[in-house]
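Okay, structure first, notes after.
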Amino acid sequence: LYSPTVANKGEIQIKDFAKKTAVNLLPANYPLKLMYLTKESMEKYKAEMSKKKEEDIKKLPELQRKLAESLMSLFDGLSEFGDAKREVTFLREGDEKVHDKLVDVYFLDEKGEKIERNGYYSSGNMISYPFSKDIQNNWTMVLNIESDQSVKSIPFKLQNIVLP
């Protein structure tokens, strides 16, 4: 039974989320990292990753290096992710086997009412939540995560059920 609350650490409420870019929003001991990215922080991250990839490519044999460089250039223009006014974008890092421990991300307006979003989409480690209206800085971000305390096992057993 999954029942997240702030008290059982299954719900993390983040006020002024827009001020918390490129920092891990999840507990330090959690198996995932989740970072809110703005256009500026995303550009910085892409530059760091690009530099790392270039260093790794330089270590390859010449034929493989040339192939990798040509493939990398094909994707240079495809890295734009989202509309900063209507989408919230995160970088999700960690073992892919535990990605589902991040159960939900939603937002509350200044009155504490849930704001409807238009689904989500992800690509690699990036995940984006689009909205039908402009994002406001006074919204509260709520992260629902699976914690040891937020999941309770309730044993039950089915016996002697006559099936058709």
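Treat the numbers as computed from the prediction; the structure is a model and nothing was measured. Residue indices begin at 1 and follow the sequence shown.
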* Asked: Are Y2 and L26 connected in the hydrophobic side-chain network, where two residues link if heavy atoms are under 4.5 Å apart?
  -> no

* E116 side chain to K114 main-chain N or O, any donor-acceptor pair under 3.5 Å? -> no

* Assess whether side-chain contact (heavy atoms from CB on, under 4.5 Å) is satisfied between Y121 and I127, documenting all intermediate values. => CA-CA 6 Å; Y121 56 93; I127 186 167; over 6 Å; no

* Asked: Ring centres of W139 and Y106 under 6.0 Å apart?
  -> no

* What about V98 and I12, same hydrophobic cluster or not, with Ile/Leu/Val/Met/Phe/Trp/Tyr joined at side-chain heavy-atom distances under 4.5 Å? -> yes

* To do: Enter the distance from E11:CD to N144:CG here, rounded to the nearest 0.5 Å.
  => 5.5 Å

* L163 reachable from F156 in the ILVMFWY side-chain graph, under 4.5 Å edges -> yes

* To do: Say whether F90 and F131 are linked into one hydrophobic cluster, either directly or through other cluster members, by side-chain heavy-atom distances under 4.5 angstrom.
  => yes

* **Ion pair check, D104 and R117, cut-off under 4.0 Å** => yes

* **Distance (rounded to the nearest 0.5 Å) between K33 NZ and E93 CD** => 6.0 Å

* Test item: D109 side-chain N/O and G112 main-chain N/O as donor-acceptor pair under 3.5 Å -> yes

* **Over all atoms of both residues, closest heavy-atom pair of K20 and K15** => NZ-O, 3.4 Å

* Should the ring pair Y120 and Y129 be called parallel, tilted or perpendicular, given that the plane angle runs from 0 to 90° and is split at 30 and 60? -> tilted

* **pair P4-E146: side-chain heavy atoms closer than 4.5 Å** => no

* Asked: Got more than 12 heavy atoms from elsewhere within 6.0 Å of CG, D100?
  -> yes

* Asked: For the hydrophobic clusters of this structure (ILVMFWY residues joined by side-chain heavy atoms under 4.5 Å, transitively), does one cluster hold both V151 and V142?
  -> no

* Can you tell me how far the CG atom of N125 sits from the CG atom of L37, to the nearest 0.5 Å? -> 10.5 Å

* In Å and rounded to the nearest 0.5 Å, what is the CZ to CG distance from F17 to N137? -> 6.5 Å

* To do: State, with a plain yes or no, whether a side-chain heavy atom of I115 is found less than 4.5 Å away from one of L108.
  => no

* Reported CD-to-NZ distance for the pair E55 and K59, which is rounded to 0.5 angstrom -> 7.0 Å

* Asked: Does any donor atom in the side chain of E87 or S128 lie under 3.5 Å from an acceptor atom in the other side chain?
  -> yes

* Any side-chain heavy-atom pair from K85 and I135 closer than 4.5 angstrom? -> no

* Full working for side-chain contact (heavy atoms from CB on, under 4.5 Å) between M35 and V23 -> CA-CA 5 Å; M35 292 176 270; V23 297; 5.7 Å; no

* Asked: Does a side-chain heavy-atom distance below 4.5 Å link M141 with Q13?
  -> no

* Structure fact -> Only residue of I145, L32, L143 satisfying side chain to side chain contact (heavy atoms under 4.5 Å, CB included) with L25 is L143

* Please round to the nearest 0.5 Å and tell me the distance separating atom NZ of K101 and atom OH of Y30. => 5.5 Å

* Asked: What's the shortest heavy-atom distance between P130 and G119, and which atoms?
  -> CD-O, 3.5 Å

* **side-chain contact (heavy atoms from CB on, under 4.5 Å) evaluation trace for L102 with L34** => CA-CA 9 Å; L102 175 63; L34 186 73; 4.0 Å; yes

* Taking all non-hydrogen atoms of both residues into account, name the closest pair between S150 and G10 and its distance. => CB-CA, 3.9 Å

